[in-house]
Structures are given as C-alpha cells and as structure tokens.
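Everything on this sheet refers to the single structure shown next.
So you know, we letter chains A, B, ... as the sequences are listed, proteins then strands, and number each from 1.
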Number of protein chains: 2
Amino acid sequence: MKAYDYDCPVEATLEVIGGKWKATCLYYLIEGPKRFSELMELLETASSRILSKQLKELEEHEVIKRKIYSEVPPRVEYSLTDYGKTLLPLIEMICDWGERRLEKTGKKAIYNESH
Amino acid sequence: MKAYDYDCPVEATLEVIGGKWKATCLYYLIEGPKRFSELMELLETASSRILSKQLKELEEHEVIKRKIYSEVPPRVEYSLTDYGKTLLPLIEMICDWGERRLEKTGKKAIYNESH
DNA sequence: CAGCATCCCTAGGGATACTG
DNA sequence: CAGTATCCCTAGGGATGCTG
C-alpha cells in the first residue's frame with residue numbers, strides 16, 4: 001500500500017471532474033436540476049450507459065444528488081449538492097478558458113451555438 | 001464527420017489539462033522552468049515514457065515549451081508559454097479545491113506534506 | 001422514462017530495457 | 001540526462017437491446 005494517495009492536490013480535483021462528461025454535466029446542472037433525459041439531450045453524443053455511470057460517480061463523490069419521484073413513468077432529477085456548488089466558480093472558469101480556446105483553434109461546441 | 005467538436009466548452013479545457021499528470025505538471029511549472037528529471041522526481045509514480053508523452057501533448061497544445069541546451073549530458077527545460085500562463089488561475093483553483101477535498105476525505109498528497 | 005446487462009474495443013497508461 | 005522501443009494490460013468508453 002502506498003503512503004500517499006496523490007502527488008498533488010490537483011489530482012484530487014481531477015478525480016472528481018475528470019471523466020469524459022462529468023464537468024459538462026456539472027456545468028449544465030449549474031442552471032438548476034435536470035432529469036436524466038434532459039441531460040441525454042444536452043450531451044448529444046453520450047450513451048445512456050456511460051451517462052448514468054458518470055452521474056453515479058458524481059453522486060458517490062457527493063457533488064450531485066439524485067432525487068427520485070415515485071411516479072409512472074419514472075422521473076429522476078439530478079442537482080448539485082452544497083458541496084458540489086463549491087465547484088461552481090471552478091467549472092465556470094474551465095468553461096471560460098475553453099471558450100477562449102475555441103476561438104483560438106476555430107473549433108466549435110454545440111453549447112456555444114445555442115446561446 | 002461531426003458538425004461540432006464538443007458539446008460544451010468545458011471539454012476543450014479538459015482536453016488540454018485532463019491527462020493523468022498534465023495538470024500536476026502545469027502546477028509544478030508555475031514556480032518556474034523544470035528539467036525532465038526534476039519533474040520525474042516530483043511525480044514519483046510516473047514512468048518516463050508516460051511523462052514524456054504527456055509533456056509532448058502539453059507542448060502540442062502550446063501551453064508549455066521545451067528548451068534544449070546543447071550540452072553533454074543533455075539538458076532540457078520545460079516551462080509555461082504565455083498561453084499556458086493563462087491557465088494559471090485555473091490550475092491554482094483546481095489545487096485549492098483539491099486541498100479542501102483532501103481535508104474532507106482524509107486522503108493525502110505528497111505535495112501537501114512537503115510544504 | 002431511466003436505467004441495467006451484455007458484449008466489445010481501443011486508447012491511455014505502465015514495466016522494463018535500451019540509446020544518443 | 002532525457003528520452004525511445006517494445007510489450008502488455010485494464011479501465012474507460014461505446015453499441016445495442018432489454019426491463020421495472
């Protein structure tokens with residue numbers, strides 16, 4: 001067993017937000033709770049299996065919470081926890097830097113177009 | 001071919017800093033240029049192959065530059081580019097959040113101990 | 001609707017050895 | 001010293017289909 005878990009604290013953060021869709025999910029959750037299907041639509045190219053896995057991991061890291069409504073058809077809403085909200089400035093900074101990089105590289109993001 | 005490169009700008013950032021050691025490398029480069037062997041010592045558990053790959057990718061993304069000194073034995077120094085320096089506040093915020101997470105989870109990072 | 005189950009695949013990461 | 005070269009391996013991600 002190792003004496004340390006990380007080389008540097010930055011790794012502890014990347015472990016939480018570093019999955020393929022995680023930061024993007026968090027970003028979309030900033031504006032408020034979203035259901036599974038809403039996230040699916042926003043993350044056009046993600047499969048439901050992967051998305052649900054990433055959401056589960058975010059939940060395990062306690063940055064989002066999952067609320068189940070006992071209805072038919074089923075309804076589930078994901079939202080940021082208080083702890084997750086501490087990530088907010090970080091996520092926004094990540095998004096800002098990404099936007100500048102889009103300008104620099106000429107690449108495009110769906111999100112940018114729809115705003 | 002896809003019409004878009006990303007769903008959201010956050011992905012453009014994660015593409016740059018999201019590799020296993022990338023953010024950590026950037027973090028250590030904040031204090032100034034470092035040679036390959038210095039980074040190897042700081043990133044205790046990274047292999048030279050991986051580290052050199054990650055550095056090469058950071059270089060391709062134009063956030064670090066590689067300076068070769070024509071000496072024997074060879075000497076190479078890595079440092080942040082001006083563009084890379086625009087990542088600075090972000091990296092520091094990532095580190096801060098990571099530190100708070102270390103406190104919360106009781107995990108440890110080498111870096112924290114040595115300071 | 002909100003997901004698991006199953007199967008599959010490759011890219012990222014790692015160990016070890018070797019060179020200019 | 002600062003890397004490649006080679007081989008290997010698994011974890012993350014993806015396609016498709018099924019269920020409560």
Side-chain angles (χ1 to χ4, degrees), chain A residues 1-2 4-8 10-11 13-26 28-29 33-61 64-79, chain B residues 1-2 4-8 10-11 13-26 28-29 33-61 64-79:
Chain A
M1 111 162 211
K2 289 196 293 179
Y4 298 93
D5 308 286
Y6 313 101
D7 285 290
C8 172
V10 298
E11 289 165 25
T13 304
L14 269 295
E15 188 174 281
V16 175
I17 65 170
K20 178 130 173 203
W21 310 101
K22 288 181 188 173
T24 308
C25 282
L26 293 173
Y28 288 133
L29 290 178
K34 295 254 179 305
R35 7 194 340 184
F36 189 79
S37 56
E38 290 182 279
L39 289 170
M40 280 294 286
E41 279 165 44
L42 290 166
L43 277 61
E44 274 196 3
T45 57
S47 74
S48 71
R49 193 187 75 101
I50 296 302
L51 182 56
S52 92
K53 252 179 64 178
Q54 306 258 326
L55 289 167
K56 186 174 291 179
E57 285 168 23
L58 287 170
E59 201 190 347
E60 281 163 8
H61 284 136
I64 68 171
K65 58 175 175 285
R66 187 165 167 274
K67 182 165 183 187
I68 306 158
Y69 294 84
S70 305
E71 305 175 359
V72 180
R75 181 170 146 217
V76 173
E77 266 186 6
Y78 293 91
S79 57
Chain B
M1 110 162 214
K2 288 196 295 183
Y4 299 93
D5 307 285
Y6 313 99
D7 285 290
C8 172
V10 298
E11 289 165 25
T13 303
L14 268 296
E15 188 173 281
V16 174
I17 65 170
K20 178 130 173 204
W21 310 102
K22 288 181 189 172
T24 309
C25 283
L26 293 174
Y28 287 133
L29 290 178
K34 294 255 180 303
R35 1 191 350 179
F36 188 79
S37 55
E38 290 182 280
L39 289 170
M40 279 294 285
E41 279 165 45
L42 290 166
L43 277 61
E44 274 197 2
T45 58
S47 74
S48 68
R49 193 187 77 101
I50 298 302
L51 182 57
S52 92
K53 252 179 66 179
Q54 306 259 325
L55 288 168
K56 186 173 289 178
E57 285 168 25
L58 287 170
E59 201 190 346
E60 281 163 7
H61 284 136
I64 69 171
K65 57 174 175 286
R66 188 166 167 274
K67 182 164 184 189
I68 306 158
Y69 294 84
S70 305
E71 304 174 0
V72 180
R75 182 171 147 216
V76 173
E77 267 185 7
Y78 293 92
S79 57

Could you give the distance from [atom1] ([X]) to [atom2] ([Y]), rounded to the nearest 0.5 Å?
X     : Y     : atom1 : atom2 : answer
A:K56 : A:I64 : NZ    : CD1   : 11.5 Å
B:E11 : A:L43 : CD    : CG    : 7.0 Å
B:E38 : B:E41 : CD    : CD    : 7.5 Å

Check: For C:dG14, does either OP1 or OP2 sit under 4.0 Å from a side-chain N or O belonging to B:K53?
Finding: no
Note to self: Less than 4.0 angstrom between a side-chain N/O of A:Q54 and OP1 or OP2 of D:dG12, yes or no?
What the structure shows: no
Next item on the list: Could you tell me whether the side chain of A:E44 reaches within less than 4.5 Å of the side chain of B:Y4, counting heavy atoms only?
Entry: no
What is the separation between atom [atom1] on [X] and atom [atom2] on [N], rounded to the nearest whole Å?
X     : N      : atom1 : atom2 : answer
B:L14 : D:dG12 : CG    : C1'   : 15 Å
A:D7  : C:dG14 : CG    : C1'   : 15 Å
A:R75 : D:dG20 : CZ    : C1'   : 18 Å
A:E41 : C:dA2  : CD    : C1'   : 13 Å
A:M40 : C:dA2  : CE    : P     : 10 Å
B:L51 : C:dG12 : CG    : C1'   : 15 Å
A:K22 : D:dA11 : NZ    : P     : 14 Å
B:W21 : D:dG3  : CH2   : P     : 17 Å

Margin query: With nearest nucleotide decided by heavy atoms, which residue, A:I50 or B:L55, maps closer to the 5′ end of DNA chain D?
Written below: B:L55
Notebook entry, point to check: 5'-most contact on DNA chain D: A:G19 or B:E38, nearest heavy atom basis?
Noted result: B:E38
Candidate nucleotides [options], ranked by approach to the side chain of [X] - the nearest:
X     : options                : value
B:K20 : C:dA2, C:dA17, C:dG13  : C:dG13
A:S37 : D:dA2, D:dG13, C:dA2   : C:dA2
A:S48 : D:dG3, C:dC4, D:dT4    : C:dC4
B:S52 : C:dG13, C:dC4, D:dG3   : D:dG3
A:R49 : D:dG17, C:dG13, D:dG13 : D:dG13
B:F36 : D:dG14, D:dG3, D:dC1   : D:dG3

Item checked: Sugar-phosphate, base or nothing in reach of A:R35, heavy atoms under 4.0 Å -> sugar-phosphate
Next item on the list: Would you classify B:Y69 as touching base, sugar-phosphate or nothing, given that sugar-phosphate means primed atoms plus P, OP1 and OP2, and contacts are heavy atoms under 4.0 Å?
Entry: nothing
Checklist line | Smallest separation among heavy atoms of B:W21 and B:A46, with atom names | finding: CE2-CB, 3.5 Å
Next item on the list: Might you point out which heavy atoms bring A:Y6 and A:E15 nearest each other, and give the distance in Å?
Entry: OH-OE2, 3.1 Å
Next item on the list: Would you kindly compare B:E57 and B:S47 by the position of their nearest DNA chain C nucleotide and give the one closer to the 5′ end?
Entry: B:E57
